[in-house]
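So the structure is just underneath, and the comments pick up after that.
All ligand and atom numbering here is 1-based and tracks the order in the structure. These figures come from a predicted structure and were not determined experimentally.
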Amino acid sequence: MATAFKTEADTDFFTAPYHLSIAGKLVEADTGFDVINPATGQVFAQAPAATAAQMEQAIAGGKAAFKGWAALSDEERQSYLNAFADALEANRDDLIRLLVLEQGKPAQTMAAPEVDQSISWIRQIATRRIPVEIVEETADHVVELHHTPLGVVGAITPWNFPVLLSLWKVAPALIAGNTMVVKPSPFTPLTSLRYGEIAQSVLPAGVLSVVSGLDELGPQMTAHPDIAKISFTGSTATGRHVLRSAAGTIKRVTAELGGNDAAIVMPDADYKAIIPQLFWGAFGHQGQWCVGIKRLYVHRSFHADFVNEFVAYARTVKVGDGLDPSVGVGPVQNKMQFDKLKGFLADIKANGQKIVLGGEIDDMQAGYFFPITVVDNPPEDSMIVQEEQFGPICPIIAYDDVDDVVERANASIYGLGGSVWGRDTQAAVAVANRLETGMVWVNEIHTQGVDVPFGGHKQSGLGTEHGREGRELFTNPKTVLIRK
Ligand code: NAD
């Protein structure tokens, strides 16, 4: 459902300089870097490029604030988080527009829900507690399990959901008593910088700093002795660097990484009825979600008809600027990703694979617009099936045998998500249970919630976000053994 927003583009929110938020202060940087609107390919803002010294100050600010913040009661921290949510809500419409400008996503169907969900997430997480647990008790002895905050947590985030994915880290880290330094992706720093500025007016100094800059700030955080944990979301390749670097100080690391999610349409599926859900699961958000459908396996008995119907549906969707309310699929976020997708396309063409929709890029058009591209039954070992495309190209692959398709779905270094679709729910659940992934949906996709663990198996990640399990990862378990 479309979600309305109203905003003027020439207010201070868009024209005032963007500040680093460091230890409670809004700080300008000596140098900046360009931020590009992917719908135009043009620079539309300058973000501050923090120096290594400024990152040091942010970490030191988090360290100085930690003791006082951790000593507050849960209820006191909850009221601070609620004040932060209220302050974000007061800037909701501007945040939505800024998110579209820096990220490209459609405003009503993607940016507004992202901002709204983030605000709601903070309020919900603020109510969650990790109680002390009695794990053993006898007449003269008791063992309690406490969860204590870690210290300064570093959040490193990607460019696909810059608001949601970082606030998914901020809320549970802060409610558990940690302080945090957020480093947004250099492709999409602006919304994080603005929420950092907003946070400084409601949170105690040093509790939440936001520091933008180029990629070298990330290694500084992952190696830093005063950062207790890195909560990272990004690619598997960068995740490996993060883990290697964090090993030096035995940091806690949560890593939400890449995926190559399979959707399996079972032989008994009402396949025509689910095409819209499958289409948006693959092409919604320009295919730029970690848990997007990246391989669509369809039973051979109706594969040909499925492809025709899928393409007919896809033709009804408009690609264009995310600020245009009639647009369903926006531009790809950045040139690097756009060029990577062109590489997939070149490989598909060089290998004579069948493109049934899209596949032609208009080089004269400004912005990073990639057409909705459907590849009909490429071989299992092709690049588009084996690698994470992270963009609007999807292969629709025929299969004959359910056991075989489960094996193909599992034959991947990734294990993030997946989905199974069929009339017989029990049969679909049985297949879902065989998928080697952290999350699997049955006859629905991309539903989530604050109490629903989210994370990947294999090289898709380490640890989990959300749920009790995710919140506990922002703490140290501490066992207290007492002789009564
Ligand atoms: P990326 O790995 O290129 O960058 C992520 C962040 O890491 C950025 O902030 C970047 O500046 C920083 N970084 C770069 N080098 C670093 C280093 N050596 N040390 C520390 N930090 C460093 O990822 P991206 O291209 O921004 O995002 C796309 C990827 O993220 C895709 O693979 C996607 O599947 C994945 N992703 C995963 C999830 C999930 O929850 N599993 C969610 C969204 C995106």
Side-chain angles (χ1 to χ4, degrees), residues 33 35 38 47 49-50 55 102-105 114 154-169 181-193 210-224 227 229-248 251 253-261 285-294 332-341 387-391 412-418 437-439 446 448 452-466 470:
F33 60 96
V35 183
M55 175 57 85
E102 71 171 348
Q103 209 287 335
K105 65 186 69 195
E114 176 171 347
I156 302 179
T157 57
W159 47 258
N160 59 340
F161 290 92
V163 178
L164 187 70
L165 296 183
S166 56
L167 292 173
W168 272 3
K169 301 179 187 309
V181 178
V182 173
K183 190 208 81 63
S185 165
F187 290 113
T188 52
L190 303 179
T191 42
S192 301
L193 290 164
V210 179
V211 182
S212 62
L214 300 178
D215 280 344
E216 62 266 14
L217 292 178
Q220 187 184 350
M221 294 171 80
T222 56
H224 203 287
I227 289 193
K229 167 178 171 139
I230 293 289
S231 180
F232 174 78
T233 304
S235 64
T236 294
T238 309
R240 292 189 191 104
H241 291 297
V242 169
L243 285 167
R244 249 182 244 124
S245 170
K251 269 186 196 26
V253 176
T254 303
E256 299 289 357
L257 307 177
N260 195 11
D261 290 12
H285 204 254
Q286 302 67 252
Q288 298 173 149
W289 37 29
C290 52
V291 285
I293 296 173
K294 293 171 186 159
V332 168
Q333 202 279 325
N334 59 70
K335 180 156 187 325
M336 184 194 70
Q337 187 61 23
F338 191 63
D339 290 343
K340 193 177 138 197
L341 291 168
E387 293 182 23
E388 182 186 37
Q389 63 276 46
F390 213 63
S412 173
I413 61 162
Y414 297 114
L416 189 58
T437 61
M439 293 157 288
H446 298 159
Q448 53 189 230
V452 181
F454 183 101
H457 291 184
K458 301 197 261 185
Q459 295 189 34
S460 285
L462 194 67
T464 191
E465 292 193 296
H466 321 324

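- Under 4.0 Å from ligand 1, not a single heavy atom of V291 appears.
- Residue contacts with ligand 1, taken as heavy atom pairs separated by less than 4.0 Å, involve V242 solely via side-chain atoms from C-beta onward.
- Within the 4.0 Å heavy-atom criterion, both parts of T233, backbone and side chain, lie near ligand 1.
- Checked by atom type and distance alone, the side chain of N260 never pairs as donor or acceptor with a backbone atom of Y414 at under 3.5 Å.
- With a heavy-atom cut-off of 4.0 Å, E465 does not touch ligand 1 at all.
- Within the 4.0 Å heavy-atom cutoff, F161 does not count among the residues contacting ligand 1.
- Residues meeting the salt bridge (Lys or Arg N to Asp or Glu O under 4.0 Å) test with E388, sequence neighbours left out: K294.
- Counting heavy atoms closer than 4.0 Å to ligand 1, residue W289 contributes nothing at all.
- Scored by the side chain to side chain donor-acceptor pair (under 3.5 Å) test, E114 finds K105 as partners (sequence neighbours excluded).
- Residue contacts with ligand 1, taken as heavy atom pairs separated by less than 4.0 Å, involve P186 solely via side-chain atoms from C-beta onward.
- Checking S185, G234, G239 against atom 35 (C) of ligand 1, the nearest heavy atom belongs to G234.
- A side-chain donor from one of K229 and T254 sits under 3.5 Å from a side-chain acceptor of the other.
- For the pair G461 and ligand 1, no heavy-atom separation below 4.0 Å is found.
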